[in-house]
Amino acid sequence: MAESYSEGRTGDGEYQEQFLNDKTLRRLGAAIAGLFTLGVGGFIAAIIFTQVDFELFVEIIHPQFVNAFLRVLAIILVGSLLSVTAGIFVGLGRVSNTGFTNAVATAYVEFFRGTPLLFQLLVIYVGIPAFWPPGQFPISNWQYPTAIIGLTLNHAAYVGEAVRGGIDAVPEGQMEAARSLGMSYVQGMREVVLPQAWRNALAAIGNDQVILVKDTSLLTVIAVPELISAFRNVNSTTFDPWTPIILVAIAYLMITVPLGKIVSYLEARSDWGGDRR
Amino acid sequence: MSLLEFDEVDKYFGETHVLKDVDLDVEEGEVCVIIGPSGSGKSTLLRCANRLEEIQDGEIRLEGQSISAEDADINRLRQRIGMVFQSFNLFPHKTARENVTLAPTKVKGLKKGDAERRADELLDRVGLRAQSNSYPNQLSGGQQQRVAIARALAMDPHVMLFDEVTSALDPELVGEVLDVMHDLAEEGMTMLVVTHEMGFAREVGDRIVLMADGKVVEDSPPEVFFENPKTDRGKQFLSKLL
């Protein structure tokens, strides 16, 4: 009989006693996780007790960091809203059967995904005012419009790809059923395909929006007083690195962790009839 | 004038000639059953009837109006043609009732309350009144297909197209769907049915149309077709069934 089947299992229980079986793997995993937790926890504890200056911590929270945080939050809210909205249209362009529309959407995605956000921000920040004679550019505080425009254009490309993937994953029969009932392409997209594509794309869109939050750190280069700038101000005057670093970390996590929760909530809400397939 | 007319229809998928000069007239109130081996073009013919597929030559008319013409108002014409698919294609993000009310409210502009009352009537008719708030994935295949029939009926179509609607069902669920179709036929609905269910074809069909290699090869009443087919192709097809 097939001897290869019984190899390593002959002589009752011999196979079970090999080093890396299910049980030892589980224990090994827990051990590594435990060591990791101890290491990181110890490191953070060491920083907090030896490096952080609590007086300075309280002093710089307000107004420095609170202002930077609120500014960043406002930019994120507007950027998120615009990039997701624009991204839906980019995604629709990517699935268009019209060659021209499709080509434009594809070129858009290639460009904005293919060049760094920092480069795009610089193009907008210093490139656009160059069309006016020196000193004549009419918009003051151009860094804020730049931030919104840059984040929106860049992330619309990523959201667009997520939406395209989401639409592609909706079975063709869905649009056919909608059309067979007399609905137009637009109605079929809006009522039938996009709600399902949205669910399919949610995880990827959420992922991208978390990256958008972190991308606001690049705005320090175009003189937006955001969290990294706040860190550099404090650090250059007090020479204390860890106190502002901890604040920066807390500030970002205060945005990204709830964002993840919102995405999970939205996913659960579109689990129609439960028992997601 | 027949209700639905296929006039010398030719259809190609790339190089493949899938419908060859098909002529077929479906009369009002008639149940026309299309049978034939797989790949014979029967589903394609059905899908051309509401222009889910474009034809390359010939014309298809509904109540005298061209469906296949370049400038046909296809969204309006499709309201008169109900279609039920092999894979149900219910909208998974909507309840059974919402599946039925969606098109009447969005396309015909029916008020929500009126559409819901009508939906409940139709769901009652297919025996699913109690499931009106269920989502498709909470229903069995047979129940889903009956909702799909109710959804198509909600647009008050003049003709119903059934594309192998029991082929994806577990054998014990086939009967409940065929029963609904049987009732529909008795109420006088014009139906064009592609099926492999020979018992249903024989019992409910007014006409049996046998397709092979993209052509209509026999068109006979069921008693003739199943007892004594007129063509060799018909005889050959029947012999393979047994």
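Note on naming: letters A, B, ... go to the chains in the order of the sequence lines (proteins, then strands), and numbering restarts at 1 for each one. Just so it is clear, the values below take in all heavy atoms, side chains as well, and ignore hydrogens, waters and symmetry mates.
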Give, as side chain, backbone, both or neither, the part of A:Glu191 having an atom under 4.5 angstrom from any heavy atom of chain B. both

When you look at CD of B:Glu28, are more than 12 heavy atoms from neighbouring residues, nucleotides or ligands closer to it than 6.0 Å? no

Given the options B:Leu161, B:Asn89, B:Asn50, B:Ile81, which has more heavy-atom pairs under 4.5 Å with chain A than any of the others? B:Asn89

Evaluate B:Leu102 against A:Val192 for side chain to side chain contact (heavy atoms under 4.5 Å, CB included), listing each step before the verdict. CA-CA 10 Å; B:Leu102 181 67; A:Val192 175; 3.9 Å; yes

Write down the atom of B:Ala103, the atom of A:Leu181, and the distance for their closest heavy-atom approach. CB-CB, 3.7 Å

Please find the pair of heavy atoms, one from A:Trp272 and one from B:Pro92, that lie closest to each other, and give the distance. CB-O, 3.4 Å

Side chain, backbone, both or neither: which part of B:Phe85 has an atom under 4.5 Å from a heavy atom of chain A? side chain

With only heavy atoms counted, which part of B:Arg151 is less than 4.5 Å from chain A, the side chain, the backbone, both or neither? both

Nearest heavy atoms of B:Gln138 and A:Gly273, plus distance in Å: NE2-O, 3.2 Å

Side-chain donor or acceptor of B:Gln79 paired with backbone N/O of A:Ser180 under 3.5 Å: no

Any chance CD of B:Glu59 has more than 12 other-residue heavy atoms, nucleotides or ligands included, within less than 6.0 Å? yes

So what's closer than 4.5 Å to chain B heavy atoms on A:Gln196: side chain, backbone, both or neither? side chain

Under 4.5 Å from any heavy atom of chain A, what part of B:Lys94 do you find: side chain, backbone, both or neither? side chain

Kindly check if the number of other-residue, nucleotide or ligand heavy atoms within 6.0 Å of NZ (B:Lys11) is above 12? yes

Near A:Tyr185 OH, under 6.0 Å, is it more than 12 heavy atoms from other residues, nucleotides or ligands? yes

Heaviest contributor of heavy-atom pairs below 4.5 Å to chain B, chosen from A:Met183, A:Gln187, A:Glu176, is A:Glu176

Tell me whether the count of non-hydrogen atoms from other residues, nucleotides or ligands lying under 6.0 Å of OH in A:Tyr265 goes above 12. no

Determine the option with the most heavy-atom pairs under 4.5 angstrom with chain A, choosing from B:Arg78, B:Met83, B:Met155, B:Arg47. B:Arg78

